[in-house]
Structures are given as C-alpha cells and as structure tokens.
Number of protein chains: 4
Amino acid sequence: MGAVRTKRMPRAVREQQMLDAAVRIFGQRGYMAASMDEIAELAGVSKPLVYLYLNSKEDLFTACIRREAAALTAAVRAAVRPGLAADRQLWDGLRAFFAHTAEHPDGWSVLHLQARTHGEPFAAEVAAMRAEIVAFVTRLVAVAAREAHRDPDLPEHEVAGLAEALVGAAESLAAWANATPGATARQAATTLMNFAWAGLGNLMRGRMWTPPAEAEPA
Amino acid sequence: MGAVRTKRMPRAVREQQMLDAAVRIFGQRGYMAASMDEIAELAGVSKPLVYLYLNSKEDLFTACIRREAAALTAAVRAAVRPGLAADRQLWDGLRAFFAHTAEHPDGWSVLHLQARTHGEPFAAEVAAMRAEIVAFVTRLVAVAAREAHRDPDLPEHEVAGLAEALVGAAESLAAWANATPGATARQAATTLMNFAWAGLGNLMRGRMWTPPAEAEPA
Amino acid sequence: MGAVRTKRMPRAVREQQMLDAAVRIFGQRGYMAASMDEIAELAGVSKPLVYLYLNSKEDLFTACIRREAAALTAAVRAAVRPGLAADRQLWDGLRAFFAHTAEHPDGWSVLHLQARTHGEPFAAEVAAMRAEIVAFVTRLVAVAAREAHRDPDLPEHEVAGLAEALVGAAESLAAWANATPGATARQAATTLMNFAWAGLGNLMRGRMWTPPAEAEPA
Amino acid sequence: MGAVRTKRMPRAVREQQMLDAAVRIFGQRGYMAASMDEIAELAGVSKPLVYLYLNSKEDLFTACIRREAAALTAAVRAAVRPGLAADRQLWDGLRAFFAHTAEHPDGWSVLHLQARTHGEPFAAEVAAMRAEIVAFVTRLVAVAAREAHRDPDLPEHEVAGLAEALVGAAESLAAWANATPGATARQAATTLMNFAWAGLGNLMRGRMWTPPAEAEPA
DNA sequence: AATGAATGAGTCTTCATTCAT
DNA sequence: AATGAATGAAGACTCATTCAT
C-alpha cells in the first residue's frame, strides 16, 4: 500500500514525499489519529528517517500546514491581477481559491479542519495565512469604496467583520462545493459574488439594514 | 481542579455532570486528545462510573453532540416568532445564535470544530442539526422572495448555495466574535444582516452580479 | 435475557437460581471470562445479593463444582446395584455417567474443563470426586479378578494406571459423544465396555502385552 | 525472575524467546489469567516488542498452540517406523508421546487444557492436531485387523469411537504420569498397551462384550 | 430480603520516539 | 543516506467488590 521503497534520493525530494504522505494522512485521519508509522509507510521510508528530517510529529504537522498554506495563497495570488477592477480581482481570487481547495482536499482539510482543532502551535499558523487573506479582501473593499466615491465612514471594525464574514462564507462554500456532486468552483464563486458583492455595494451606498429599536430589559 | 467528589447522587444528575465535564474537555482538547481519565476527574467521579452510564468514548461524545445541538436549536427556535416579517425572524434568530455560542464556547467548539473533524458517526450528527438550520433559513428566503413579489425564478440549487453561504458566514462570525474582545452578539448579527440581507434583497430584485465573459482554454 | 426479577424468595431457592446461572456461565465462558455481572443478570438478581449469599467469585465457583460433582456421583451411584456382577455394575455406571454428562453439558464443562484449568483451589475439588470414581472402578477390577480366580498379583500401581486409563477414556468419550451428532450414551458405553472389559479380561488371565527388548543407549 | 534483558537480537531469535515465555505462562496460568506483562517480563523484553512481533494476545496464543502441536506430532512421527508391525508402531508412538509430554508439561498443558477451554479460534487448532493423531491410530487398527485376517466387519463409527477412547486414555495417562512421582513414560505406555491392545485383539477376533437385554420403558 | 450507586486495580493495546549500525 | 531493533508512557475499557439504604 505504501509507496515503493526507492533507495537513495536527495534530501529535498525525500522531504517532499514525506510531506505528501503526511498531508494525506493528517487530512484524512486528523492530527491525533494519524500515526507516524502510517505516514512513514505511505512515504515509503523508515520511521527514523522521518524523524531525522522532520524532527517530531508536531514539527511535521507544522511543516504540512506551512506548505499547504503557502500553496494556497500562491494559487490565489497568481490568479489576481492588481491592475483590474476590485470586483474582478475578488472574482478571480475566489475562483482560484475554490479551484485549489477542490484539487487539494487533503491540504484543505489540514488547513481548515485539522489545524484549527488543535491548540495554539497550529492554529496560529493558519491564523497567519487567514489574516493575510482577510487583509487582501479588506484592501479590495477599500478600493471599492473609493471607486464608489463613498466617504470612508464605514467604521474600521465593521469592515473587519465584513471581511471575516466573506472569508467565512467562502470557506464554508468550499466544503459545500467539495461535498456536493454537481457544484463547480465557478458556481461557488458566482454564488458568493452575488451574495457578497451586492451586499457590499449597498453598504457602500450607505443603505444599511437597521435593527429594530427594542425596549429590552437586562 | 476536579469537582469535589460529592457522594451518592441520582443517575440523571450524575449524567449531566459527566456531560458538562465532557463537553468542556472535548471542546478544549478535541475528541482524540481528550482522555476519559480527565473527563471523569473533572466530573468528580471515577472512570468506571462514566463507562457504566455512558458506555464508551464514542457514545459519550455522541451524547455531548446531541445535547449541545439540541440546546442550540432550542435557543434559536425560542427566539424566533413565526408571525413576524422575514428579516425580523432572521435577525432574532441570528442574535440568539450568536448569544448562545458566545455563552457556550465549549459546546460550540464541540459542534463546529470537533465533531466535524472526526468521521461519519459524529459528523452526521451535526449535519442533521445544520440541515435543520439551513432549511429554516431557506424558508425565510422564500418568504422574502414572496414579500418582494419576485417571480420564483431563483434556481433551486442557487438558493441552497446562498443559504449555505449565509450559515457559513454566521458560523465564521461566531468564532470571530468569540475571539475578538470588543465584539458582541448584537454587532455580529448586525454585520451579517447588512452583509446578507442587502445582498439577498438585490438578488430578489433581479440584480445579479455577472461574471466577465472569458476566453478560457480548457 | 436474564430471568425475570421475581421478588422475595427464600434464601435456599435464590441460591439454587444463582448456582444454575453460574454453572451455565462458567461452563460456557470459563472461570476467568465469566463475569459476576452476567451471572447476576442471568440469575435475575442484583450483584450485591450474589455476594451476600456466596461471598466471592472463588466461593461461587467452588460451590458450582461441589454441586455438580455431587450430582454426577449421585447419578452414577443411583444406577449401580452392588449385588450384580462386576461387568454389569461397570456397564450401568458408565451408562449413567454418559447420560448425565450429556444432559448437563455445562456442569460437565465446569468439572472436566474449567475447574482443571485453574489452580489448586479448584482442581483439588474435582480431584476428590475423580478419586472417588477411580476407587469405585478399582474395586470393580478387584472383584473381577476374584471372580476370575486370578492371584492378586497385578501390581498395585498397575491397577491404578488401568483405572486411570479407563476413567480417562470415559471422560474423553463423553466429550466425543456430546459433540458427535449420532452418538448416544448407550453407544459410548458399549464402545468403552468392548474396549476396556476385554482388555481387562485378558489381563486377568495373565495375557499381557510384552514390550520388545530394546538395546537403547542413554 | 524475568530473563536478563539481552540487547539487540535478530527477530527470529526474539520470537522464540517470546514463545518460550508465553507457553510457560499460558500453560501455568491459563489463557485468560496470563498477562501480557508477565509474558514480556519473562521473555526479557518490553511489552510493545511482543505486540510488534506477535500482534495480539490471541495471535500469541495461537502461535503457541501451533508451535507446540507441531513439536508434539513431530516427536511422535519421528519415533514411528512405518515398516514395522502395527503393535510395535503403536508402542513406539505412545512412548514418544508420553516422553514428549513429560518433557514439555507447559506445552502439553497449553494443548490439552488451555486451548480446549477457550472458544473456537483455539479449540479448532488443537482439534486439527488431534484429528491427525486419531487418523494415525485408526490406520494402525485397520492394519491390525488385516494382520489378524479379520473380515472388515468392524463398523466404521465403532472404530472411530475406539480410536477416540484410546487417544483419550493416552491423554489422561499423560497427565497422570506427569503428576505421579514414580511413573515413567515407559510404564504409561506399557499400561496402555495392555489395556488397549488386548481389548482390540479381542475385538479383532470377534469377541465383543454384549450388553444385557433390557426392558427399558421409553 | 434486596439494590442503586460507586470505585481501586488491573488488562490489552498503541504511539511517539531513540539507539546502534 | 537509511534502517532493524527496541521502549517509556499513556489510554480505553472491564471487573470483582463494597457502601448506604
């Protein structure tokens, strides 16, 4: 079942094989349920070699997270052309995001599910990547506001919430798109653009939804 | 740290104590990392008693999921008054949702993070609850469409995607609101209503965002 | 599955119910694998009552062995009429033995298998019963020798070995007869009489089998 | 009490050490009462190594049964020379059998007592070996019948019962010889030959023991 | 006469990790 | 560059046994 035990490879190559195996196992079993034995076997190496190159289970998991985070952000970045209109940038980024997560379900599981389920060492790693993405989205919103000639009155933390909601919706849709047979990356992106961009547009034009006045005790 | 060992309680009471402890440990450590020893100690009972009443780690986890799912849906249902306008219903539901998750972070962690990270027995349990909520949201969207005199042309699976995105955004915001110091349930709900309802409103009026025509090879 | 929980019975009756259950469980699962829980449930009583009446697992097992041993020897004794010819006595005893073991397979399992598999406290109990039976057989052999007018030159320990072999063969045939569909107690007894009595007869008449002279080193 | 912890041995050697220890513990304590801890300590290894090589308690026990069964049949087979007369073959086989069981009491306990006391996985293993031995004895009886010019009228299942009785008697005598201080393998074999061969001889010549005619109701 | 509530101690099993080559 | 041999530590689960009523 494990990869054929090919002998004598340069370190860099072996490391990638190990990370490939680890991402697959971690993504499918979860961090705790994954066993170093299984990873080593799938990688086609002996366990001591895994330890020699990657030190420990924690380090190995961290390396997986970093590699997959880098791959995901790289995919998104490559798809976005800074010169274009804000909505076009968002659209391109979303499509790249959905496409990448669909093509790398184990990597996405590692980032979205597994890493967040286990304490600080790992969650922080993903938080960093997520912050980068949220920042990117926030920039787009700002640009859009400028394009719409809106006074920059949208309160700071309101924008943060919006970006958070958008990213959260995207993450959720990624899982949904992966699980739903007919759904494609393009459809998911369209749905989200409809849902989000229109809402954002309204906000830009100052049309906000107003909560009902309540006479609440307590 | 463990609860004081109070002696001789009726079974029903002890079971709740155990579930309380289990939700806390599972929520904080995750399913695999949680140890039955720790749960028993926190519950103030011996391990055999936990097994006598709850059978196994799996069954205990399932019981936690069920209890927390029931509590969450009950909280939301109690807040929504069916006679009111659709946006008001959504608003009330969202506030209850954010308030409940904020007050029960471990329960929310169990439902949102831990249960989904581990295979079918558990994920299915949460999926059932989620389906219920998505159905509720979908109904509201339908009502809104009727109120807006829109022809029921919104394609079926488009609506499913929208509801999915809305729920996903809400889930994401819940985590964000819990982690961000100044954020309150009310704010999170406001942000989401602005983001979502306005977008939905546009859709209802037929103003959709159109993807750019592309000349894509392959 | 357990007996119906009938309330308030005199102690003697309850004890028999418990022993019935215990013999069944011990006979089927073995001493170690049997659990007091299962025994109590099958007996239709709570566990503390079992302990109140029978003290401990060891004592319970010993009580089972004693009861079943007594029942078996009683059955054999009842079948044998001391006045008759030796071969007739053996024949009657064997038939009773095979019949009883066939009717009480769990009891026989307790005596023949389970009790011998676990250390001294229990093995001794069965050894006592077995000694009684061997003594009975030995007496019959002596009678037969007298009837055949043989000088009582058969060496003491040779007789012991013979009786041992006969009893061993009987025990073995009991298991075989229980496991073999068509076999009856009568057939098993006939086979054994043919096998044994003829051999004994020869011995009585001084026709022994002589081992080949060997020039063995070491 | 545990063997000295000798370091770094090839797997095959370690496995034998483990089996040695396991046979001893299983033979003395029984399958259930034996603890993997004790076996590992007696073998002079850590418990994980036992699991690494032998997988589980069940597998370890099965391995013990197989090894001891193979050793016993090998010992008997080596002693029997097919060209010789039937009684000589039986005599040689019996002596080898008694000698082997006397020299390997724990192995014999595993085969005769422990393996049969626990359910199908193990009992079947021993049954196979026993069947082989019974078949061997049956062949000898057939040869003897031919040598005695007897018409092959002995009914099939009568022969089966006879072989069963003979083997059972041998098994029983083995335990008796082991437990009785003065008894030797040679004596046990002599006793059994006298007991059995003479009886068989009579049968061959058609002198069977006839059960008394009975007027049995039902 | 009888039981619901409770536990100390032990069992099998697995895992991350290292040493010697 | 790579591995066969080995283990300390821990985790899920069970069991015989006892209180308090």
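All of these numbers come straight from a predicted model, not from anything done at the bench. Each chain gets a letter, A, B and so on, in the order the sequences are listed, and its residues count up from 1.
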**Q** Between the opening five pairs and the closing five pairs of the helix from E:dA2-F:dT21 to E:dT21-F:dA2, how far apart are the helix axes, to 10°?
**A**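 Axis angle across the helix from E:dA2-F:dT21 to E:dT21-F:dA2, nearest 10°: 30°.
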**Q** Give every residue pair that meets the salt bridge (Lys or Arg N to Asp or Glu O under 4.0 Å) criterion with at least one member in residues 116-129 of chain A, sequence neighbours excluded.
**A**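 Output for this query lists A:R66-A:E125, A:R116-A:E171.
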**Q** With sequence neighbours excluded, tell me which residues meet salt bridge (Lys or Arg N to Asp or Glu O under 4.0 Å) with C:D20.
**A**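 With sequence neighbours excluded, C:D20 shows a salt bridge (Lys or Arg N to Asp or Glu O under 4.0 Å) to C:R67, given in chain and number order.
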**Q** Under the salt bridge (Lys or Arg N to Asp or Glu O under 4.0 Å) rule, collect the residues that match up with B:R8, sequence neighbours excluded.
**A**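 Once residues adjacent in sequence are excluded, B:R8 has no partner under the salt bridge (Lys or Arg N to Asp or Glu O under 4.0 Å) criterion.
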**Q** Checking D:A21 now: which residues fulfil side-chain contact (heavy atoms from CB on, under 4.5 Å) with it, not counting sequence neighbours?
**A**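 With neighbours one apart ignored, the set is D:I39, D:L42, D:A43.
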**Q** Find the distance A:L54:CG to E:dA16:P and express it as a whole number of Å.
**A**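 About 14 Å, once rounded to whole Å.
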**Q** What is the distance, rounded to the nearest whole Å, between atom CG of A:L49 and atom C1' of F:dA5?
**A**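 Interatomic distance, CG of A:L49 to C1' of F:dA5: 17 Å.
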**Q** Can you list everything that forms a side-chain contact (heavy atoms from CB on, under 4.5 Å) with C:E58? Sequence neighbours excluded, please.
**A**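 For C:E58, the residues satisfying side-chain contact (heavy atoms from CB on, under 4.5 Å) (neighbours in sequence not counted) are C:Y31, C:S56, C:P121, C:F122.
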**Q** When rounded to the nearest 0.5 angstrom, what is the spacing between CG in A:L111 and CZ in A:R130?
**A**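 With rounding to 0.5 Å, CG (A:L111) is 11.5 Å from CZ (A:R130).
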**Q** Roughly, in whole Å, what's the span from CD in B:E41 to P in F:dG11?
**A**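 Rounded to the whole Å, the gap is 12 Å.
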**Q** Could you state the CD-C1' distance from C:Q17 to E:dA1, rounded to the nearest angstrom?
**A**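 In whole Å, E:dA1 C1' lies 13 Å from C:Q17 CD.
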**Q** One pair to check against side chain to side chain contact (heavy atoms under 4.5 Å, CB included): C:V13 and C:Q16. What are the steps and the verdict?
**A** CA-CA 5 Å; C:V13 178; C:Q16 287 311 311; 5.8 Å; no
**Q** Would you say B:R14 places a side-chain N or O within less than 4.0 Å of OP1 or OP2 belonging to E:dA5?
**A**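 So the side-chain polar atoms of B:R14 never come under 4.0 Å of the phosphate oxygens OP1 or OP2 of E:dA5.
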**Q** Using whole Å, report how far CG of B:L60 lies from C1' of F:dG11.
**A**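 My rounded result for the distance is 15 Å.
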**Q** Report which part of the nucleic acid B:R11 touches: base, sugar-phosphate, or nothing (heavy-atom distance under 4.0 Å, all strands).
**A**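 Touches sugar-phosphate only.
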**Q** Figure out the CD1/C1' separation between A:I39 and E:dT14, and round it to whole Å.
**A**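 Taking atom C1' of E:dT14 as the reference, CD1 of A:I39 is at 15 Å.
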**Q** Under 3.5 Å, sequence neighbours excluded: what are the donor-acceptor pairs made by side chains of residues 22-29 of chain C?
**A**
unit_1: C:R29; atom_1: NE; unit_2: C:E38; atom_2: OE1; d: 3.1
unit_1: C:R29; atom_1: NE; unit_2: C:E38; atom_2: OE2; d: 3.3
unit_1: C:R29; atom_1: NH2; unit_2: C:E38; atom_2: OE2; d: 2.5

**Q** Please state how far atom CD in B:E38 lies from atom C1' in F:dC13, giving the value in whole angstrom units.
**A**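 These atoms are roughly 18 Å apart.
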**Q** Grab the CZ-P distance between B:R29 and F:dA10 for me, whole Å please.
**A**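 For the pair B:R29 CZ and F:dA10 P, the rounded distance is 14 Å.
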**Q** What is the per-nucleotide protein-contact pattern of nucleotides 16-21 of chain F, from the 5' end, where B denotes a base atom under 4.0 Å from a protein heavy atom, S denotes such proximity for sugar-phosphate atoms only, and - denotes neither?
**A** SBBBS-
**Q** D:Y51: which residues meet the side-chain contact (heavy atoms from CB on, under 4.5 Å) condition with it, sequence neighbours left out?
**A**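 For D:Y51 the side-chain contact (heavy atoms from CB on, under 4.5 Å) partners, ignoring immediate neighbours, are D:M36, D:K47.
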